[in-house]
Amino acid sequence: MSVIYSYPVTIKEVYLDTFGHMNNATYLTLFEEARWDCIGKNGYGIEYIRSSGLGPTILEILLTFKKELRNRDEIVIETQGVSYERKIGKLAQRMIRNGELCCHAEFTIGLFSLKERKLVLPTEEWLRAIGMKAP
């Protein structure tokens, strides 16, 4: 089983739309912020990506909205690696408010070679960064 990484967030006024709840595009921004925090804290930040020439890429996103998020809601974004088959992986993220699932997303991901300009097999470092391999 892979590690679940938690990232706390407070919903701010700038995230809201005219309906008074969080704008749909902001969900993707916050999910990305949580992913970067996760991999960065696990040794796979932007400097490592630049030096190794290998970085994450998103191939597909399935986003499901369950409950609206409103101003100053306190949430936790959970990030978890789900699977990896050859060059293609699945990553799940959830936005949770007081134990209640508000949004979940499934990301199809890959590891991209900046030099070869194509997907490559995941490295041990990458699998550790997304919690799918023990440190």
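In this structure, CE in M22 is found 5.0 Å from CG in L30, a value given to the nearest 0.5 Å. Separation of atoms OH (Y27) and NE2 (H104) is listed at 12.0 Å; rounding is to 0.5 Å. In this structure, S6 OG and Q80 CD are separated by 10.0 Å, a value rounded to the nearest 0.5 Å. Between the NZ atom in K133 and the CG atom in N42 there is a gap of 14.5 Å [rounded to 0.5 Å]. Atom CZ of residue F31 and atom CG of residue L91 lie 10.0 Å apart, to the nearest 0.5 angstrom. Distance check, rounded to the nearest 0.5 Å: CZ of R97 to CD1 of I75 gives 9.0 Å.
In this structure D37 satisfies the salt bridge (Lys or Arg N to Asp or Glu O under 4.0 Å) test together with K41, sequence neighbours excluded. Residues satisfying the salt bridge (Lys or Arg N to Asp or Glu O under 4.0 Å) test with E116, not counting sequence neighbours, are K118. Under the side chain to side chain contact (heavy atoms under 4.5 Å, CB included) criterion, A92 pairs with V82, R94, not counting sequence neighbours. By the side chain to side chain contact (heavy atoms under 4.5 Å, CB included) test, E125 is found to be paired with Y44, Y48, T123, R128, residues two or more places apart in sequence or in another chain being considered. Looking at residues two or more places apart in sequence or on another chain, you find a side-chain hydrogen bond (donor to acceptor under 3.5 Å, both in side chains) between Y84 and W126.
Residues I109 and I4 do not share a hydrophobic cluster, defined by chaining ILVMFWY side chains whose heavy atoms lie under 4.5 Å apart. Hydrophobic clustering (ILVMFWY, side-chain heavy atoms < 4.5 Å, transitive): I39 and V120 are in one cluster. V3 and I96 fall into different hydrophobic clusters, where Ile, Leu, Val, Met, Phe, Trp and Tyr side chains are chained together by heavy-atom contacts under 4.5 Å.
In terms of heavy-atom proximity, G55 sits nearest to I49 at CA-CG2, 3.9 Å. Summarising the geometry of A129 relative to C38, their closest heavy-atom pair is O-SG, 3.6 Å, with the distance given to 0.1 Å. For the residue pair K87 and P122, the shortest heavy atom distance occurs at CA-CD, 4.5 Å. Shortest non-hydrogen contact noted between K12 and N71 is C-OD1, 3.5 Å.
No more than 12 heavy-atom neighbours from other residues, nucleotides or ligands sit within 6.0 angstrom of CD on E85. Residue R72 qualifies as enclosed at atom CZ: its count of foreign heavy atoms under 6.0 Å is above 12.
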For this session: For the pair E78 and Y7, evaluate side-chain contact (heavy atoms from CB on, under 4.5 Å) and give the outcome as yes or no after the intermediate values.
Result: CA-CA 6 Å; E78 293 182 345; Y7 182 74; over 6 Å; no

Exercise. side-chain hydrogen bond (donor to acceptor under 3.5 Å, both in side chains) between E74 and T10: does it pass, once the steps are laid out?
Worked result: CA-CA 5 Å; E74 299 286 335; T10 300; 2.9 Å; yes

Exercise. Do I11 and L16 pass the side-chain contact (heavy atoms from CB on, under 4.5 Å) test, and can you show the C-alpha distance, the side-chain angles, and the key distance before you say yes or no?
Worked result: CA-CA 8 Å; I11 305 305; L16 306 180; 4.2 Å; yes

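For the pair L111 and L121, the minimum side-chain heavy-atom distance is 4.5 Å or more.
In this structure, N23 contributes its side chain and D17 its backbone to no donor-acceptor pair below 3.5 Å.
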N/O donor to acceptor pairs below 3.5 angstrom from side-chain atoms of residues 57-69, sequence neighbours left out:
| from | atom 1 | to | atom 2 | distance (Å) |
| --- | --- | --- | --- | --- |
| E60 | OE1 | T108 | OG1 | 3.3 |
| E68 | OE1 | H21 | ND1 | 2.8 |

